[in-house]
Protein chains: 2
Amino acid sequence: MPRSKPPTMSDVAKLAGVSPMTVSRALRPNASASESTRKKIREAADQLGYVLDSTAAGLSSRKTGFVAVTIPSINNANFANTIRGLNEGLQDSGLQVLLGFTDYNIKEEERLVEAFLRRRPEAIVVTGGVHTERCRRYLAASGVPVIEIWDLPSSPIEHSVGFSNVKAGRAMANYLVDKGYKNIGFIGGNTKQDARGSDRCEGFAEVLEERGLSTERLRISEEPVRNMAQGAAAMDYLIDKHPDTQAVMCASDLSAFGAMMSCQRRGLKVPEDIAIAGFGGYDISANAIPQITTLEAGDYQIGTETAKVILSQLADDNDETEERAPQRIKIATQLLERESTSPK
Amino acid sequence: MPRSKPPTMSDVAKLAGVSPMTVSRALRPNASASESTRKKIREAADQLGYVLDSTAAGLSSRKTGFVAVTIPSINNANFANTIRGLNEGLQDSGLQVLLGFTDYNIKEEERLVEAFLRRRPEAIVVTGGVHTERCRRYLAASGVPVIEIWDLPSSPIEHSVGFSNVKAGRAMANYLVDKGYKNIGFIGGNTKQDARGSDRCEGFAEVLEERGLSTERLRISEEPVRNMAQGAAAMDYLIDKHPDTQAVMCASDLSAFGAMMSCQRRGLKVPEDIAIAGFGGYDISANAIPQITTLEAGDYQIGTETAKVILSQLADDNDETEERAPQRIKIATQLLERESTSPK
DNA sequence: AATAACCCCGTTATCGCTAACACATTGAAG
DNA sequence: CTTCAATGTGTTAGCGATAACGGGGTTATT
C-alpha cells in the first residue's frame with residue numbers, strides 16, 4: 001500500500017513532454033488531440049498508474065457526472081428492476097447513478113436529498129410524489145432536472161415517469177368484481193409515508209363502492225404489509241374477522257404469497273375457496289403453485305424511460321434554445337391473470 | 001427552475017458579513033466558531049438556499065466521503081442485506097456509499113472499479129475474491145483500504161469479511177449425508193465468473209467423495225442457476241436423468257423454491273420423496289410450505305462488520321503511528337433445519 | 001501584572017482539473 | 001499567392017472549498 005500520493009495530470013504531462021491541458025484532452029474521447037501524442041500520453045499514464053480525478057474535473061467543468069436517485073428500499077425487486085433499467089439506459093452516457101435508500105420515510109428522503117445535492121448531481125430522481133415541504137424546496141431550487149417516478153403526482157415538481165396507483169387498484173378491483181366475487185378484501189398497510197400502497201387501496205375501494213360491494217374488508221393493518229410474514233399475518237386476521245371473504249388483493253406479490261401460504265395452512269384452497277391477487281409482477285407470482293394473479297407495473301421500463309428523460313433534458317440544456325417542458329411519461333401496467341383467481 | 005447558478009460560500013459570507021473561511025467552519029460540527037456567528041451564518045445560508053459543494057470540499061480537503069462498493073446484482077436479497085448493514089454501520093460517520101453492480105462479471109467489475117477510483121473514495125469494498133489482473137492492480141495501487149467481502153480469499157488484496165463458501169458447501173453435504181440420504185445432488189451454475197457458487201459446490205462434492213457417495217448428480221447446468229425458473233428447470237433435468245435422487249442442495253433459496261415447485265408439479269412430495277435444501281436464508285425459505293432448510297450466510301452482519309473495518313482503518317490513518325494490519329473477519333454461517341429435509 | 005493559553009476569525013495558497021483564448025502550423029480554396 | 005478554415009497545442013485563470021498560519025482579544029495561571 002504505497003503511501004505516496006497518487007500521480008496527477010501534471011506528472012503525466014511531464015513524463016510525456018506535453019502540457020497538462022494536452023493530457024486532459026488526450027484522455028477524453030471527443031477532444032482534439034493527435035493520435036501520436038495521444039498514444040504517448042496513454043503510455044505515460046499507464047506507466048504511472050494515473051487515474052483521472054473526477055472530483056477536480058467536476059469542479060472545473062461544473063459537470064459531476066452524477067445522477068442522484070432515491071428509492072425506498074434495496075430489498076424490493078420492483079425498485080431493483082427500475083435501477084437496472086436506469087443503469088442500462090445511462091450506460092453509454094458517462095453518467096453514474098448515486099443511489100440512496102429512504103426506508104419508506106420521507107424525512108429520511110429529505111436528509112438523503114440534501115446530502116445528494118451537495119454532490120451537485122446533474123439530475124435527481126426520487127421515488128414517489130410525496131415529500132416533505134423542505135424536500136420539495138430543495139428539489140425545486142436544485143437547478144437540475146427533477147424526476148419523480150413510480151407515480152404520476154397531481155402536482156409534480158417537474159418531470160414524472162410512472163403510472164397511477166389509484167387506477168392500478170381500480171383495475172384489479174374491477175377484474176375481481178367482473179369475476180363474480182362479492183366479498184372482496186384488500187391487504188395492505190395504511191402508512192402515510194408510502195402513498196403508493198394506499199393509493200392502490202383507494203382505487204380499489206372506489207370500485208367496490210361504485211359497484212355496490214362492501215368495503216369493510218379493506219386496509220387491515222396500520223403497519224406496513226410488504227413481506228411474506230406480514231401478508232400471512234394480515235390474511236389470518238382478515239379471515240378470522242370475515243370468514244366469508246371470497247377474494248383478496250394484496251399490496252405486493254410477496255404479501256400475496258404469504259397470504260396464500262396462510263390459507264393453505266388453514267386448509268383453504270386457492271382459488272377454489274378464496275382467490276388471491278398480488279401486485280408487482282414478482283418472480284414468485286409466476287413460480288408459486290398456484291401461480292398468482294398480479295399487476296405488472298413496468299418497473300424496468302420506468303428505469304429506461306427515466307434515463308431517456310434525463311438524457312433529453314441534459315441535451316436540451318446544451319441547446320438552451322427551447323424552454324424545458326416538464327415531461328409526464330405514463331407507463332402501462334398489465335394485469336396478468338393467473339391460477340390464483342381462476343376457478344378451474 | 002432558476003437558471004442562475006447556485007450560491008457559493010462567498011455569497012453566504014458576504015451576506016453574513018464574515019469571511020468565507022468562517023462560513024466553512026460554522027457549517028461544520030467540530031470546527032471552532034462562536035454560537036452567535038454560527039447562527040448568523042446559518043440564517044444567511046438558509047436565506048440564500050445555500051448547499052455546501054462537497055465536490056470542492058473534497059478537492060481541497062482530500063476527503064471525498066465516499067466508500068465505493070461493488071456487488072454482483074441489486075436483485076439479490078443477500079447482497080441487499082449486506083448493503084443495508086453497511087449503510088447502517090456507516091450512518092453516523094458522514095461516509096456515503098457509492099454503489100455499483102457488476103452483473104456477476106469480473107470484466108464489468110474492472111470497469112466499475114476504475115470508474116469508482118476516479119471519484120477518489122476513501123475505501124473500496126468489492127464482493128468476492130476473484131478479479132481480473134488489472135483490477136487487482138487498480139485496487140492494490142489505490143492507496144485506500146480495500147475490503148473483499150462474501151468470501152475469504154486465499155490471497156486477499158488487503159482486508160476481507162466473509163465466510164468460506166467451500167466450508168458452507170461441506171456443512172450442508174455433511175448434514176444431508178448424516179440425515180441418511182445417499183443419492184444426493186447439487187443444483188447450481190458452473191460459472192467461472194462467480195466463484196462463490198462453485199466453491200459451495202466444490203465443498204459439497206468433497207464431502208460426498210469423502211463419505212463414499214456418488215458425485216454424478218452435481219453441477220447440472222453450465223448456465224447460472226439463480227432464480228426460481230432456473231431452479232425448476234434444473235430440477236426437471238436432474239430428476240429426468242436421475243430419478244432415484246433423494247436429496248438436493250440448490251445454490252440459492254430461490255432456485256430451491258423453484259426446484260420444489262417443480263417436484264410438486266410432478267407429484268413428488270417434499271421431503272418424503274425428495275429432500276431439498278437451499279442457501280442464503282431468504283424470506284421464502286421460512287414462508288414456503290414446506291419450509292426450506294437453508295444455510296444462513298450472515299449477510300447483514302457482513303455489512304456491519306465491513307463498516308467497522310472501514311471506520312477503524314480510516315481512524316488508524318489519522319494516527320499514522322501503527323502500521324495497518326490486514327484484517328480477516330470470519331462471519332459465522334448457520335444451518336437452519338426446516339421441513340424440506342426433515343421426514344416427519 | 002505579566003506570561004501563557006486559549007478562542008475566533010481573517011489571509012494566503014493551494015487542491016487537480018478544464019474553459020476559453022491565443023497561437024502556430026497545415027492544407028485547401030479562391 | 002493570398003485568404004481562410006481546420007487542427008493541434010500551450011497559456012492563463014479560475015471552479016468552490018479548506019489547510020495552515022497568524023494575529024487580536026479574552027481568560028486563566030503563577
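Below, chain A is the first sequence line, B the second, and so on; all start at residue 1.
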Next item on the list: Please report the C-alpha distance between B:Y138 and B:I124 in whole Å, then the side-chain angles of each, then the deciding distance to 0.1 Å, and finally whether the side chain to side chain contact (heavy atoms under 4.5 Å, CB included) criterion is met.
Entry: CA-CA 11 Å; B:Y138 280 144; B:I124 306 179; over 6 Å; no
Checklist line | Secondary structure string for DNA chain D (Watson-Crick or G-U under 3.5 angstrom, | for other-strand pairs) | finding: |||.|||||||||||||||||||||||...
Next item on the list: Among C:dT18, D:dA19, D:dA17, find the nucleotide with the atom closest to the side chain of B:D53.
Entry: D:dA17
Note to self: In whole Å, I'd like the distance from the CZ atom of B:R62 to the C1' atom of D:dA20.
What the structure shows: 14 Å
Check: Where the side chain of B:E88 meets the backbone of B:T304, is there a donor-acceptor pair that is under 3.5 Å apart?
Finding: no
Notebook entry, point to check: Out of D:dA17, D:dA19, D:dC15, which has the shortest distance to the side chain of B:S61?
Noted result: D:dA19
Check: In terms of side-chain heavy atoms of A:L59, which of D:dC15, D:dT18, C:dC17 is nearest?
Finding: D:dC15
Margin query: Going by the rule ring pair (Phe, Tyr, Trp, His ring centres under 6.0 Å), which residues pair with A:F101 if we only count those two or more places apart in sequence or in a different chain?
Written below: none
Next item on the list: Write down the distance between CZ (B:R118) and C1' (C:dC15), rounded to a whole number of angstrom.
Entry: 19 Å
Notebook entry, point to check: Between A:R120 (CZ) and C:dT18 (P), how many Å, whole number?
Noted result: 19 Å
Notebook entry, point to check: Could you write nucleotides 7-13 of chain D as a row of B, S and -, 5' to 3', where a protein heavy atom under 4.0 Å of any base atom gives B, of only sugar-phosphate atoms gives S, and otherwise -?
Noted result: -SBBB--
Check: Atom CG of B:L27 and atom P of D:dG16: how far apart are they, to the nearest Å?
Finding: 16 Å
Item checked: d(NZ, B:K40; P, C:dC9) in whole Å -> 8 Å
Item checked: Protein-nucleotide distance (B:K63, atom NZ; D:dG16, atom P), rounded to Å -> 24 Å
Notebook entry, point to check: Within less than 4.0 Å of OP1 or OP2 of D:dA19, is there a side-chain N or O belonging to B:R28?
Noted result: yes
Note to self: Nearest whole Å is fine: how far is D:dC15 C1' from B:M9 CE?
What the structure shows: 14 Å
Note to self: How long is the straight-line distance from OH of B:Y50 back to CG of B:L15, given to the nearest 0.5 Å?
What the structure shows: 13.5 Å
Margin query: Are there over 12 heavy-atom neighbours, none belonging to A:K40, within less than 6.0 Å of that residue's NZ?
Written below: yes
Check: Is there a donor-acceptor pair under 3.5 Å between the side chain of B:R120 and the backbone N or O of B:L117?
Finding: yes
Note to self: Could you tell me if B:Q96 and B:S54 have a donor-acceptor pair between their side chains, going purely by distance under 3.5 Å?
What the structure shows: no
Margin query: Given the structure, check if the side chain of B:S60 and the base of D:dT18 hold any donor-acceptor pair shorter than 3.5 Å.
Written below: yes
Check: Does B:V23 or B:A56 map to a spot on DNA chain C nearer the 5' end, using the closest nucleotide for each?
Finding: B:V23
Check: Does a side chain donor of either A:R84 or A:N81 reach within less than 3.5 Å of an acceptor in the other side chain?
Finding: yes
Notebook entry, point to check: Any sub-3.5 Å donor-acceptor pair from A:E148's side-chain atoms to A:I157's backbone N or O?
Noted result: yes
